[in-house]
**Student:** 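The structure under discussion is supplied below as structure tokens; questions concerning it will follow.
Atoms considered below: every heavy atom in the structure, side chains included; atoms not considered: hydrogens, waters and symmetry mates. A quick note: this is a predicted structure, and the numbers were derived from the prediction, not measured. Each chain gets a letter, A, B and so on, in the order the sequences are listed, and its residues count up from 1.
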Amino acid sequence: MNGLWPLLLILGSTPPAPAPDEGKLPASLEALFQEKDKDGKPILGDSERAYLKKLPPHTRELIGKDVDALTVGGASHLKALLALELPSQGAAIVFSDNCILCHTDPESQKKIHLFSADPKASGSAEHLNLKSFVSDVHFRRGLSCSGCHGGSPEKDVMTPDIAARWPKADVRHVDRTWIPEFCARCHADPNLMRGFNPSLPTDQLSKYRESQHGILLLKEKDSKAAQCVSCHGVHGIRGPKSRQSTVHPQAIPETCGRCHGDPKYMAGYKKEDGTPLPTDQVDAFKKSVHGKALLEKGDLGAPACNSCHGNHAAMPPKVSSISQVCRTCHSQNGTFFDGSKHKQAFETNRWPECEKCHGKHEIAKPTDALISDAHDGLCGSCHAEYAKDKPECNATARYFRSSLGELVTTSQRLRPEAEDLAERGLDAEPILASLEEASEAIVQTRSRVHTFDRGGFDQGAKAGREAVSKTEALLDLARKEQRYRRNGLLVSIGLMSFLAVVMGLKIRELSRRRARGNEEPRAR
Amino acid sequence: MEARREEVRASVGERLYRWLDARFGVARLVEFARHKEVPVGGHSMVWYYLGGTTLFFFTVQLVSGVLLLMYYQPGEATSYESIRYITTKVPFGWLIRSVHCWSAHLMILSLVVHMFSTMILKAYRKPRELTWVTGFVLFAIALGFGFSGYLLPWNELAFFATAVGTDSVKSVPVVGQWLLEVMRGGPDVTINTLYRFFALHIVILPLVMVAVVSTHLVFIQVQGMAAGMAHQRPDRPGLRFFPDFLLRDLLLWLVCLIVLATLVYLLPYGPGIPGMEWELGKKANPLTPAYPGIKPEWYFLWVYQLLKEFPPHLAGMEGPQAALLIVTVLMGIWALVPWLDRRASKGQPSPKFTDLAIAAIIFMAYLTLKAWDIGGHALPGKLPDPRSTAWACAWITLGISCAIALLRLLAYRQRWMYFSGAALLQVVLNGVFGLDYLLAGAAALVVAIAGVVVTSRKEPAVQLRAPK
Amino acid sequence: MTAPVAHSVKPARRSILNWFLGVGVVGWAASVLYPVLRYLRPLGEAGAGGPLKLSAEELTTLGKSHFVIARSGTRKVIVFEAGGELRALDAKCTHEGCTVQFVPGDSLVWCACHNGKFDLDGRVLAGPPPRPLAKWVAIREGNDVILTMEKA
């Protein structure tokens, strides 16, 4: 771990401004520019030279030394490294790290050990992507290969402790139980983590042990269960706020879905009641109101899988907790429900509260049509079984439905009228504001459906009705104003036309008089 | 009763008149007014009224403009909002703004027609050269009014139109960039531009306008109105200015007011053709990207279209520079017409200049029609196809031009049509046959010059037949 | 119009014409002057984009329930009193646009729709809102409360 600190110092310091006469390359580096490929063209060109010139002098010397020591094996190796276009600090890390230098040299490495900026082209494994490695959150904080694999980057041979650190290759690829503990060596140590990111929690492992994944992996030794690497990746780990991260809110459904959406992978896993674990959650979620908000509207406040299931402590919420999970956002609806008659009934029957009507992964945007006392409707189907012969309930449901329908259709009808008046230059601002009030009241009223009580519902519906009638009154006023304007203009056009006609007559009369008076000059 | 009351009224009037006369010599003015006559005959009287209607609309502009000023607040956070406030909150604010906008367009329309009628009737000829020049200056000021007033609501359309319009200034040689920054109050159109345009629109231009209008009117009073060219009949008495002509003038102004009110009644936000609409729309935001369909007001459209017709580079100049050079030359010719037209100043028929006016109309009409994208079917958000636009506009121009030519030939016996023919040739070559606009223009220029050369050799023989 | 009466025109017809002319001129003058005079009469409220004054009704609500939602054009403003200080924020939640409320007990501004919580300066404390609420300046002037947008 001590090897880290010099690197951190390099990262923290700004590169000194190059002196005017600088920009010369070390001789050994200059020699590489002479190297030609098999078609006889120089391998390194002006863009590489320009990049090198921008580096601080000590980094250039570092590269020169690497060339001397043959850790940079030749022009094409250098070209591959420069193609990463690292900032000068990153370049300093790469060129002082012999692990990276050797493992990126295509001449000396086997495909299974070769890091490449384009793994597909070079035929190496995808996790050996050099580009994502250099943007890895650990690498950027100075933790390079040796941090996890052991060894020392300044030596030019691999030391035996590298092999000793991890289980043997044939074991570790089959048995993944060692991974959480391995990551936790740092991530569970608050003293160490404080030096990098003081706000990062260090309780991931203890949470993980209690999660379904942790129980499977650590207690039941099921290496198919997800561990750190399954979600975070290996060499290209990024923080959850990065858009490219596998744990960014919008990427989480995909990340979880890699296992949970694969029926083959999930075969054999069962729910508590013994039924097989479904694999359609991700598809259902994508179609749900939450999935659309998160993935289509880009509302990062909308929940992803982890918002309800937890992340490191991932568990299916139980009947007892599902309503609490929903309430983290939908708190008002929860409060209304708690005060309603249904609360008791749901508890007696041990029903999950919200899920019972709204579903879980596939939650659709609720519509007013959900409120239905028909025998196959949401209210009707349940009541037919558990609360038969309660006509007053059916009446309440119908009342909710009709009240909401009326509010919605009226405000929908009024909006285009208001916009039309605005187009004609009338003051539509108060009308639109009052319509806004109405739609706000509709939202409140819909929320108040969860009181399942006429009185509670009416507190919202009343405000809505008031807003709608206010809008109607304002619209009437505006229409009156519109008529007043048009009629006023018509009247004045009429008056002026009358004057024009009279003037015309007067002119005719004057000229006739003149003609009869035989052009005698008028005396004053 | 009636008679006695009139007597008292007359005596009060009489006394006031004497009081004024003793101090200001009003009698001389009355004497002048009594003898002032408007020539009759030769051509329709209609053309004598257009200066008056222009003046009327200008007065409406002054009054409505001052009224708008009472609520308008220039400023980044207030310009747009105060116009909104005027149109939505202030009683009759919508009326005042609509009147101001409509009247602005009608004033320019009336001014343009007045100018062309003066041109065709040769009223600019000696001794009225300076009246023509002051009129031309008035035309330029009116355009300045339109351009500066366009920005004041600080809405999106105005912002972009001003950005484009002022940008063309930079192609003026040597001082272009300086001029641009002086106009804009900085390198870009910002609220500083609005302050400058505001000062221009409400103080500088009105002062200049009033001064030049007064000069224009004094010239007319001193020289009297021009009689028709080839048909002067000194023996026939003219129409008395007072009260006969003035009453007719007043009646026409009233009709103008009625037309104005009717237009405001029917289309409070303008007819909705590009360059002639004033919906407030969205507030200007310098950071939003421009969108297709940004156009200047209709009287600038021909210049706007001409700029589009030019290639990026032409004869060592940038396209816009070349286009503006041509516009400047054309405008210069137009302003100097009284001196160029030597035949008219000698009192001889001058058919070439009649035809020049018609050619100018054809030239500008084609460009304006094209700028309106007539005949080019555009999908929303896309620019219409210029080829089909040119084709449709060319046929429309051709139809109208042929009708005018026929009218001239049959009713007025005019034969000299090389200029208008050349202008029409360019329209047809460009619009119907798809030839490049500039190449078509060059071809037209050759025809026009050939026409002048060929006919000037036998000029003495060219005679206009007197109409029946 | 002081010309001597021409004998050939019937005086009655002429006087009717003159009378009509008078009526026409008055009508014309009225239809031009009326809008102008109405236009010039001030409206007696804050000008365009001007600051907003709380009405008496809003002030009593503020006193009773610790906060009030006022309206400025299309914008809604929440005004509340916390720690003896008058504060004002945009009342439209930045998440889905619901109207927020002030919770005096917790000293925070809360949106009931998705449990968004803001501190007294409008910063997001918890929940899905992506942006803070815009701040307004609330000043007491005598018995009045004046609200103005805080300049960004």
Side-chain angles (χ1 to χ4, degrees), chain A residues 293-294 297-303 307 326-336 427-430 432-437 439-441 443-444 446-447 485 488-503 505-506 508-510 512-517 520 522-524, chain C residues 1-10 13-14 16-35 38 43 48 69-76 91-101 103 110-117 124 126-131:
Chain A
L294 179 70
K297 267 169 66 186
D299 174 4
L300 297 186
S307 313
C326 300
R327 269 167 235 231
T328 50
C329 287
H330 301 277
S331 55
Q332 185 173 257
N333 297 355
T335 317
F336 287 141
D427 186 12
E429 243 174 45
L432 290 173
S434 146
L435 264 179
E436 215 34 56
E437 236 166 69
S439 53
E440 168 97 26
V443 170
Q444 285 296 322
R446 282 181 180 145
S447 174
R485 285 182 183 187
L489 261 178
L490 263 187
V491 167
S492 66
I493 289 173
L495 279 173
M496 288 192 289
S497 307
F498 172 75
L499 179 61
V501 169
V502 174
M503 263 180 87
L505 288 174
K506 184 81 188 171
R508 207 179 60 176
E509 189 220 290
L510 275 178
R512 270 193 200 156
R513 226 162 76 211
R514 176 92 34 68
R516 293 205 180 105
E520 131 202 12
R522 287 179 310 155
R524 221 181 210 288
Chain C
M1 309 297 126
T2 52
V5 179
H7 302 286
S8 49
V9 180
K10 283 179 189 156
R13 212 191 122 196
R14 272 193 59 209
I16 287 175
L17 203 55
N18 280 346
W19 192 80
F20 274 168
L21 203 59
V23 169
V25 169
V26 169
W28 168 80
S31 56
V32 171
L33 283 181
Y34 176 70
R38 281 291 310 278
L43 274 159
I69 310 285
R71 188 176 281 289
S72 164
T74 48
R75 305 186 70 150
K76 285 175 278 187
K92 192 173 166 184
C93 179
T94 52
H95 181 225
E96 296 273 79
C98 297
T99 303
V100 297
Q101 53 188 286
V103 188
W110 179 59
C111 176
C113 285
H114 295 98
N115 205 17
K117 290 173 183 167
V124 182
R131 284 180 309 280

**Student:** Of all the heavy-atom pairs spanning C:C98 and A:V443, show the shortest one and how long it is.
**Tutor:**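 Taking C:C98 first and A:V443 second, the nearest heavy atoms are SG-CG1, 4.5 Å.
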**Student:** Give the member of A:P303, A:S492, A:S439, A:S331 that has the highest number of heavy-atom pairs under 4.5 Å with chain C.
**Tutor:**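 Of the options given, most contacts go to A:S331.
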**Student:** Once you round to the nearest 0.5 Å, how far does SG of C:C113 lie from CD of A:Q332?
**Tutor:**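 If I round to the nearest 0.5 Å, the distance is 7.0 Å.
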**Student:** Rounded to the nearest 0.5 Å, what separates atom CG in C:N115 from atom CG in A:N333?
**Tutor:**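 Going from the CG atom of C:N115 to the CG atom of A:N333 covers 10.5 Å.
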**Student:** Less than 4.5 Å apart, side chain to side chain, heavy atoms only: is that true for A:D299 and C:H95?
**Tutor:**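 Side chain of A:D299 against side chain of C:H95, heavy atoms only: contact under 4.5 Å found.
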**Student:** Verify the neighbour count for atom CH2 of C:W110: are there more than 12 heavy atoms of other residues, nucleotides or ligands below 6.0 Å?
**Tutor:**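 Result for CH2/C:W110: enclosed.
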**Student:** Which heavy-atom pair separates A:V502 from C:L17 by the least distance, and what is that distance?
**Tutor:**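 Closest approach of A:V502 to C:L17: CG1-O, 3.8 Å.
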**Student:** What are the two closest non-hydrogen atoms of C:N18 and A:K506, and how far apart are they?
**Tutor:**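 That closest heavy-atom pairing would be OD1-NZ, 2.5 Å.
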**Student:** Sequence neighbours excluded, which residues qualify as ring-ring contact (aromatic ring centres under 6.0 Å, His included) partners of A:H330?
**Tutor:**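 Residues passing ring-ring contact (aromatic ring centres under 6.0 Å, His included) with A:H330: C:H114.
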**Student:** Let me know if C:W19 has heavy atoms under 4.5 Å from chain A in its side chain, its backbone, both or neither.
**Tutor:**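 For C:W19, no heavy atom lies under 4.5 Å from chain A.
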**Student:** Please classify the contact of A:T335 with chain C as side chain, backbone, both or neither, using a heavy-atom distance under 4.5 Å.
**Tutor:**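 The answer is neither part of A:T335.
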**Student:** Under 4.5 Å heavy-atom distance to chain C, tell me which part of A:L300 shows up: side chain, backbone, both or neither.
**Tutor:**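 Interface part for A:L300: neither.
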**Student:** Residues two or more places apart in sequence or in another chain: which of them pass ring-ring contact (aromatic ring centres under 6.0 Å, His included) with A:F336?
**Tutor:**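 Once residues adjacent in sequence are excluded, A:F336 has no partner under the ring-ring contact (aromatic ring centres under 6.0 Å, His included) criterion.
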**Student:** Any carboxylate oxygen within less than 4.0 angstrom of a Lys/Arg side-chain nitrogen, looking at A:E440 and C:K76?
**Tutor:**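 Yes, charged N to carboxylate O under 4.0 Å.
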**Student:** Side chain from CB out, backbone as N, CA, C, O: work out which of these in A:M503 comes under 4.5 Å of a heavy atom of chain C, or both, or neither.
**Tutor:**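 Looking at A:M503, backbone and side chain both touch chain C.
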**Student:** For C:F20 and A:F498: C-alpha separation, side-chain torsions, deciding distance, then whether side chain to side chain contact (heavy atoms under 4.5 Å, CB included) applies.
**Tutor:** CA-CA 9 Å; C:F20 274 168; A:F498 172 75; 3.8 Å; yes
**Student:** Which pair of heavy atoms, one from C:V25 and one from A:L499, lies closest together, and at what distance?
**Tutor:**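 Shortest heavy-atom separation between C:V25 and A:L499 comes out as N-CD1, 3.5 Å.
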**Student:** Where on C:C111 is there a heavy atom nearer than 4.5 Å to chain A: the side chain, the backbone, both, or neither?
**Tutor:**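 Neither; nothing under 4.5 Å.
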